[in-house]
Amino acid sequence: MSEPRSDFLRIIIERDYFHQCTNLDALDDALNGDTPVVGYGGFDFTAPSLHVGNLVQIMMLRRLQQAGHKPIVLLGGATTKIGDPSFRDEARKMMDQATIDANKASIRRCFEKFITFGDGPTDAVMVDNDDWWSKLGYLDVLRDIGQHFSVNRMLSFESVKLRLDREQPLSFLEFNYMILQGYDFVELLRQYGCTLQVGGSDQWGNIVNGVELGRRMEQSELFGLTTPLITTSSGIKMGKTAQGAVWLNEDQLSPYDYWQFWRNTEDGDVVRFLKLFTDVPMDEIARLGALEGQAINDAKIRLATEATRMAHGDEAALAAEETARKTFEQGQLGDELPTNEIPRAELENGIPLVNLLKQAGLSASNGEARRLIKGGGARVNDKKVADESTVVTLKELGSDGMIKLSAGKKRHAIVKPV
């Protein structure tokens, strides 16, 4: 298409969110009309927090609202009970209702940091798909919804074909997930006038199903818009680290560790991540992207601070930046470094460094801790430790009564006896 007329499409193309759209020109016309477009993104409760891998979809809803349209956050109270099989090798573990409810309560607050909720024409609303699925009878679903789905077509979707081609089981339960997601779109159309669904590229088949179902059941034109799979320059899936997922909730990951994740961005990803995960203006991103050599670290610090400000607020972002400055530039112990309280009696007897690195969150396992020590990346109070059998005791306490552990040059934690 030519240059988009709508602010939303112009922004998401300019900032690298765009991957696929069902009818781009018609969507551009709708977005450029007099009435705000209502669009939604769906999120299941598979953990107590969302993570950086979910952040692109949250940012898409943020961009939609910034452009004068209305976002819907669809919480998957029903779909979480099944689990999305898209591009997975095996079924998700079934979760009981108590776990789903607890995860839902914890996840809800993730969105309020990125999107404005309220009763205005462009204020976001939060909806749970269990509100309608819990009221629908099985025969009603088969008769009213199932008739519009072709099994032949469902089998042709890439996410299904991959499982079948690998001869990996795909349960009837999972096979129904695309029906649930498709009908969610129809229900949101009926209740809120929603005509746009955004999602990752792995959701394309499910989204297209919803678009077609809306046409068949409601004679309405709906739109699907997807983002590309976000990977780092080295090919790693966005949001995955050796220590696990990069959580958005501060009770799952401290603001300092969140800041450090962004600070450790590879050089080749800084500009792209500034576009996707911050509100830094494009001309400023161009200036930061032109930095070379050691100066690229200034761009990484800006990325880390802006991303952390969005997720955790100004105070936490600036505190994390100041802690990093003290730790790396002045060799001091910054106030925001992760602190692990260890019973004094345990340190009196001595704790293997391998175990302590894992407890402090600097390694995901004892094996990884051993590899870190073997590779020369482990330090106690800034002194390299090369012996895997090293035991840490109260003798290592500094004048401040604490022990500093390091994994490489950028990741640190404090051990404090209590």
Side-chain angles (χ1 to χ4, degrees), residues 1-43 55-74 111 114-127 129 148-149 153 157 178 181-230 275-276 279 281-283:
M1 67 175 290
S2 56
E3 181 72 18
R5 294 179 298 128
S6 61
D7 289 340
F8 175 63
L9 284 181
R10 179 182 53 77
I11 290 168
I12 67 164
I13 291 172
E14 182 179 52
R15 298 186 81 103
D16 297 340
Y17 292 95
F18 184 84
H19 181 63
Q20 286 173 296
C21 184
T22 52
N23 188 340
L24 190 57
D25 289 323
L27 176 59
D28 192 32
D29 289 341
L31 288 162
N32 204 46
D34 297 329
T35 304
V37 167
V38 182
Y40 90 95
F43 304 85
L55 194 50
V56 172
Q57 303 316 317
I58 298 175
M59 291 298 295
M60 279 282 277
L61 295 179
R62 179 181 176 87
R63 301 300 183 213
L64 187 69
Q65 188 171 57
Q66 288 174 334
H69 303 284
K70 186 180 185 71
I72 295 176
V73 173
L74 180 65
F111 300 99
F114 297 90
I115 306 166
T116 300
F117 290 84
D119 299 323
T122 63
D123 287 341
V125 294
M126 193 175 290
V127 184
N129 61 12
H148 299 292
F149 283 83
R153 180 85 191 283
F157 285 117
M178 64 180 76
Q181 185 170 332
Y183 183 71
D184 284 345
F185 204 169
V186 171
E187 194 65 36
L188 292 174
L189 168 67
R190 290 171 175 171
Q191 292 191 33
Y192 297 95
C194 180
T195 56
L196 171 65
Q197 181 181 176
V198 300
S201 57
D202 61 332
Q203 293 297 308
W204 180 248
N206 291 339
I207 291 173
V208 168
N209 268 329
V211 169
E212 294 182 351
L213 190 62
R215 177 175 54 80
R216 290 171 180 158
M217 294 187 73
E218 299 295 317
Q219 295 75 52
S220 296
E221 181 170 24
L222 305 182
F223 303 100
L225 182 63
T226 63
T227 57
L229 175 66
I230 307 298
K275 290 180 182 179
L276 291 170
D279 285 340
M282 289 298 294
D283 56 351

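All residue numbers refer to positions in the sequence shown, counting from 1.
Residues that satisfy the ring-ring contact (aromatic ring centres under 6.0 Å, His included) test with Phe111, not counting sequence neighbours, are Phe43. Remark: Thr122 pairs with Pro36 by the side chain to side chain contact (heavy atoms under 4.5 Å, CB included) rule, at least two apart or across chains. Evaluation of the side chain to side chain contact (heavy atoms under 4.5 Å, CB included) rule for Ala67 yields Asp7, Phe8, His69 as partners, not counting sequence neighbours. Asp123 is linked by a side chain to side chain donor-acceptor pair (under 3.5 Å) to nothing, counting only residues two or more places apart in sequence or in another chain. Considering only residues two or more places apart in sequence or on other chains, Pro121 meets the side chain to side chain contact (heavy atoms under 4.5 Å, CB included) condition with none of them. Under the side chain to side chain contact (heavy atoms under 4.5 Å, CB included) criterion, Asp279 pairs with Met59, Arg62, Arg63, Gln66, Met310, not counting sequence neighbours. Partners of Asp184 under the side chain to side chain donor-acceptor pair (under 3.5 Å) rule, at least two apart in sequence or in another chain, are Asn129, Trp132, Trp133. For Phe18, there are no ring-ring contact (aromatic ring centres under 6.0 Å, His included) partners two or more places apart in sequence or in a different chain. Every residue was checked against the side chain to side chain donor-acceptor pair (under 3.5 Å) condition with Gln20, not counting sequence neighbours, and none meets it. For Thr195, there are no side chain to side chain donor-acceptor pair (under 3.5 Å) partners two or more places apart in sequence or in a different chain.
Applying the side-chain hydrogen bond (donor to acceptor under 3.5 Å, both in side chains) definition to pairs two or more places apart or across chains, those involving residues 31-42 are Tyr40-Gln197. Applying the salt bridge (Lys or Arg N to Asp or Glu O under 4.0 Å) test to residues at least two apart or on different chains, the pairs with a partner in residues 185-198 are Glu187-Arg190, Arg190-Glu218.
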